[in-house]
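Indexing begins at 1, ligand by ligand and atom by atom, following the structure's order. The model shown is predicted, which means the values in this text are computed figures rather than measured ones.
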Amino acid sequence: MAAMSYPHLLAPLDLGFTTLKNRVLMGSMHTGLEDGRKHFDRMAAYFAERARGEVGLIVTGGFAPNIEGWAKPFAGTLATSGAARRHRVITDAVHAEGGKIALQILHTGRYGYSPLCVAPSRIQSPITPFTPRELSSRGIERQIRAFVRCARLAREAGYDGVEVMGSEGYFINQFLVTHTNQRTDEWGGSYENRMRLPLEILARVREAVGPDFIIIYRLSMLDLIPDGSSWDEVLELARRVARGGATLINTGIGWHEARIPTIATSVPRAGFAWVTARLRAQLRAEGICTPLITSNRINTPEVAEGVLADGSADMVSMARPFLADAEFVKKAREGRADEINTCIACNQACLDHTFKQQISTCLVNPRAAYEQTLVVRPVQGAKKRIAVVGAGPAGLAAATTLAERGHAVTLFEAAEDIGGQFNMARLIPGKEEFSETLRYFRRRLQLAGVELRLGTRAGPDTLAGFDEVLLATGVSARNPRITGQAEGEARGQVLSYIDVLRHQRTVGARVAIVGAGGIGFDVAEYLLEAGHSLTLDAAAWRRHWGVGDPERLRAGLARPMPDAPTREITLLQRKAGKPGAGLGKTTGWIHRAALKMKRVEMLAGVNYERITEDGLWVSYGEKRADAQLIPADTIVLCAGQEPLRELEAPLRAAGLRVHLIGGALEAGELDAKRAIRQGTELACTL
Ligand code: FAD
Ligand code: NAP
Ligand code: SF4
């Protein structure tokens with residue numbers, strides 16, 4: 001019965017020499033565990049947990065075939081038998097769980113954050129500081145041999161296959177397009193020449209590994225950069241890759257330097273599956289039946305089933321969803337999809353970590369990549385009666401983990417529903433996914449048997465008698481105390497972000513936003529989209545960002561056509577420097593670009609002088625007397641937050657054991673990642 005819910009997703013895939021148990025590929029993700037020698041056991045535990053969760057085929061993070069292919073100095077490399085031996089622990093662990101695993105061969109070319117990087121031509125990328133060395137013909141031959149050696153060693157290490165990374169603007173992709181390949185020898189010029197590198201690599205890898213080894217070729221189907229591949233070129237490459245030895249063709253969308261979001265939370269779900277669908281239909285029409293894998297923003301079994309059922313692809317790649325929940329497939333198969341911890345595509349703990357040289361984990365699942373150290377064990381000894389106050393992310397993570405360990409947990413929430421600030425976050429257009437986290441926790445509370453007291457503001461009396469009290473009471477909005485603010489509030493001209501989001505107060509046509517942090521940006525997007533989320537309207541989203549028909553427009557690049565803004569918005573901050581500088585590493589540019597496209601004015605280095613009926617008066621630097629008016633019907637305060645923990649002192653005075661987590665502990669730079677991690681970690685220790 002359960003399996004019937006996702007018949008396409010859970011159907012086996014026969015590859016001739018081997019069969020995958022279902023249509024789910026765990027896509028390659030660089031977690032940072034690949035780099036250096038010390039994390040192999042940890043990687044084995046991480047992948048084994050996903051294999052146990054029944055993923056059809058896992059792909060590792062990228063391993064360089066040689067040092068010229070390094071993503072950064074000393075990045076994970078598979079170039080010797082000694083290195084291959086270290087991988088055994090991974091392949092053995094995955095096979096012991098009945099899983100299959102392929103190693104991704106990643107040569108970064110000019111994207112290498114390393115002085116050793118090489119490329120077809122000496123053209124620096126806009127996202128790295130190193131200019132690559134142009135390869136000679138012999139140098140190219142050396143790179144090809146490194147790919148072949150890496151694949152052979154992967155087989156020696158026990159892998160079931162390799163993925164040849166040919167997309168996202170990495171080395172192979174760089175040969176394919178004139179944007180980065182300006183050679184005039186046999187490796188450049190005509191498309192036949194530019195295509196030579198991947199085809200040569202594939203043919204020689206296949207020859208080296210034999211017919212019974214999976215080769216996935218990740219093909220850039222939509223480059224989204226100027227002078228990227230045309231559709232005819234993509235199609236021709238796909239034909240040749242299929243005939244040239246690939247077992248599976250995976251989808252790549254957008255180079256890393258593309259200025260169009262491809263996996264952020266504001267990208268519509270399965271928002272690029274149409275590209276795979278088109279290629280698949282055209283290949284099938286020619287009798288080429290190599291299975292195609294689609295990817296990008298597929299995060300639930302329903303969406304995955306949908307793209308398979310409508311013939312878009314033969315298999316679905318999900319990467320981040322397996323950081324969020326190792327048991328994704330198992331839960332889907334057992335009819336427990338409502339228990340899946342859904343990836344909200346925030347990038348905060350995975351990709352943003354990678355770019356900060358930290359080990360990736362997951363905002364909604366802090367155990368990801370910490371499987372050996374963050375362990376939820378049944379409570380030893382006497383169970384306790386524990387009160388958790390506040391059902392925001394911190395309280396939810398703590399209450400569920402404590403109850404799963406066996407404690408008797410009561411969760412008090414003053415509001416009528418769980419979620420805390422996530423109930424505001426999920427209203428922001430493009431952040432609809434945040435609702436999934438609340439759905440997940442709601443179910444987990446039920447399963448864990450937490451006693452939930454909604455609409456109950458806990459006080460010292462309520463909490464008397466508990467063995468431990470966790471204060472997860474969150475934050476209150478900071479009051480910036482601008483001259484004239486109180487009068488403005490009385491007039492209804494000055495509102496807090498809580499008034500706007502939670503209380504849905506009326507906002508005028510001209511708006512000044514005080515504070516350009518994450519919430520200031522979110523409020524601007526909320527007010528601009530005026531109830532219409534591009535994320536839920538894929539055609540409008542493509543128009544907005546300039547994703548066009550690749551059969552008409554090279555690399556799918558169209559002119560962005562954002563709708564006219566519905567409001568005139570000014571976003572302000574006191575500090576000098578770029579507004580939004582503190583936003584996520586991999587997503588901040590998207591928020592800044594979205595607001596610029598809607599003509600939001602961003603002002604930094606201001607002093608807030610006063611508020612009058614006409615608007616907000618600001619000055620710059622020492623010139624306080626030269627205040628300028630920003631005309632505004634509404635001024636929205638997004639000036640940060642302060643911890644809410646007034647219960648702490650009376651509870652401690654009453655002799656209770658009190659712990660603070662999330663915003664209640666520290667509001668500065670608080671985010672849900674920290675809140676959920678703190679809640680989970682504390683709950684594992686009590
Ligand atoms: P809160 O979420 O504030 O929850 C505290 C809870 O305690 C509340 O539900 C409150 O009602 C309850 N409470 C308080 N006192 C009592 C009492 N005495 N008795 C019972 N209950 C009580 N973070 C991110 O990481 N990424 C984002 O993209 C992001 N976007 C955001 C967008 C918006 C618009 C907002 C407002 C926030 C966003 N955040 C984001 C921040 C994130 O939501 C917070 O960091 C997180 O919610 C903090 O969790 P918490 O559990 O500490 O507190
Ligand atoms: P924030 O990021 O700390 O930003 C607060 C803003 O208020 C800053 O622009 C700050 O800039 C300004 N400010 C601070 N004190 C002020 C004062 N006294 N008067 C006037 N302005 C003042 O906080 P937030 O926007 O409230 O967000 C809260 C947390 O939620 C953040 O830490 C963030 O991590 C999280 N969040 C994340 C995202 C995301 O996309 N990842 C989105 C939303 C929220 P100046 O001091 O320069 O004026
Ligand atoms: Fe998904 Fe965010 Fe977790 Fe990354 S950190 S896996 S994007 S939920």
Answer yes if a protein heavy atom lies under 4.0 Å from atom 39 (N) of ligand 1, otherwise answer no. no
Non-hydrogen atom of Gly518 closer than 4.0 Å to ligand 1: no
Identity and separation of the nearest protein heavy atom to atom 12 (C) of ligand 1: Glu413 OE1, 3.4 Å
Do Gln348 and ligand 1 have an N or O pair less than 3.5 Å apart? yes
Report whether any nitrogen, oxygen or sulfur of Cys343 sits less than 2.8 Å from atom 1 (Fe) of ligand 3 (N, O or S, backbone or side chain). yes
Please determine whether any non-hydrogen atom of Leu670 lies less than 4.0 Å from an atom of ligand 2. yes
Nearest non-hydrogen protein atom, atom 19 (N) of ligand 1: Ala458 N, 3.0 Å
Using a strict cut-off of less than 4.0 Å between a Lys/Arg side-chain nitrogen and an Asp/Glu carboxylate oxygen, indicate whether Arg674 and Glu666 qualify as a salt bridge. no
Within the 4.0 Å heavy-atom shell around Cys362, which atoms of ligand 3 are there? 3 (Fe), 5 (S), 6 (S), 8 (S)
Can a non-hydrogen atom of Ala516 be found less than 4.0 Å from any atom of ligand 2? yes
Looking at ligand 2, is there an atom of it that comes within less than 4.0 Å of some heavy atom belonging to Cys638? yes
What distance do Cys343 atom SG and Asn365 atom CG have between them, rounded to the nearest 0.5 Å? 11.0 Å
What atoms of ligand 3 come closer than 4.0 angstrom to any heavy atom of Ala345? 1 (Fe), 7 (S)
Any Lys/Arg nitrogen of Arg320 or Glu433 sitting under 4.0 Å from an Asp/Glu carboxylate oxygen of the other? no
Specify the protein heavy atom at minimum distance from atom 51 (O) of ligand 1: its residue, its atom name, and the distance to 0.1 Å. Ala394 N, 3.0 Å
Check this for me - ligand 1, Ala414, N or O atoms closer than 3.5 angstrom, yes or no? yes
Tell me: protein heavy atom nearest atom 5 (C) of ligand 1, and distance? Ala472 O, 3.4 Å
Counting from 1, what ligand 3 atoms have a heavy atom of Leu363 closer than 4.0 Å? 3 (Fe), 5 (S)
Of all the non-hydrogen atoms in the protein, which one sits nearest to atom 7 (O) of ligand 1, and at what distance? Gly390 CA, 3.2 Å
Does atom 21 (N) of ligand 2 have a protein non-hydrogen atom under 4.0 Å from it? yes
Between Leu647 and ligand 1, find which residue part has any heavy-atom pair under 4.0 Å and reply side chain, backbone, both or neither. side chain
Parallel, tilted or perpendicular: ring planes of Phe272 versus Trp541, cut at 30 and 60 degrees: perpendicular
Backbone or side-chain N or O of Gln421 under 3.5 Å from ligand 1 N or O: yes
Among all protein heavy atoms in this structure, tell me which lies nearest to atom 36 (N) of ligand 2, with the distance rounded to 0.1 Å. Gly518 CA, 4.3 Å
The closest protein heavy-atom partner of atom 32 (C) of ligand 1 is Asp522 OD2, 3.2 Å
4.0 Å heavy-atom contact, Phe521 with ligand 2: no
Run the numbers for me: atoms of ligand 3, each under 4.0 Å from some heavy atom of Cys350, listed by number. 4 (Fe), 5 (S), 6 (S), 7 (S)
List every atom of ligand 2 that sits less than 4.0 Å from any heavy atom of Glu669, numbering the atoms from 1 in the order shown and giving each element. 32 (O)
Sub-4.0 Å atoms of ligand 2 with respect to non-hydrogen atoms of Tyr608: 20 (C)
Hey, is Glu642 one of the residues with a heavy atom under 4.0 angstrom from ligand 2? no
Going by the order shown, which atoms of ligand 2 are within less than 4.0 Å of some heavy atom of Gln348? 41 (N)
Using heavy atoms and a 4.0 Å limit, tell me yes or no: is Leu427 in contact with ligand 1? no
Closer than 4.0 Å to some heavy atom of Ile344 - which atoms of ligand 3 meet that? 1 (Fe), 8 (S)
Protein non-hydrogen atom below 4.0 angstrom of atom 48 (C) of ligand 1 present: yes
Is any side-chain heavy atom of Leu402 closer than 4.5 Å to a side-chain heavy atom of Glu468? no
Distance under 4.0 Å to a non-hydrogen atom of Asp671: what atoms of ligand 2 satisfy this? 34 (O)
Starting from atom 27 (C) of ligand 1, which protein heavy atom do you reach first, and at what distance in Å? Lys431 NZ, 3.5 Å
Would you find a donor on one side and an acceptor on the other, under 3.5 Å apart, between the side chain of Ser28 and the backbone of Thr60? yes
Of Glu525, Arg481, Lys575, Lys431, the residue with the heavy atom nearest atom 45 (P) of ligand 2 is Lys575
Can you sort out which atoms of ligand 1 are near Thr456, meaning under 4.0 Å from one of its heavy atoms? 19 (N), 20 (C)
Compare Arg674, Lys673, Arg478, Gln641 and give the one whose heavy atom is closest to atom 28 (C) of ligand 2. Gln641
Just jot down the ligand 3 atoms closer than 4.0 angstrom to any heavy atom of Leu323, in number order. 6 (S)
Ligand 3 versus Cys346, non-hydrogen atoms closer than 4.0 Å: side chain, backbone, both, neither? both
Does the residue Phe434 have a heavy-atom contact with ligand 1, meaning some pair of atoms that are separated by less than 4.0 Å? yes
Are any of the heavy atoms in Val523 under 4.0 Å away from ligand 1? no
Considering heavy atoms of the protein only, find what lies nearest to atom 19 (N) of ligand 2 and give residue, atom and distance to 0.1 Å. Pro480 CB, 3.4 Å
Tell me, which protein residue and heavy-atom name are nearest atom 23 (N) of ligand 1, and how many Å apart are they? Ala672 N, 3.5 Å
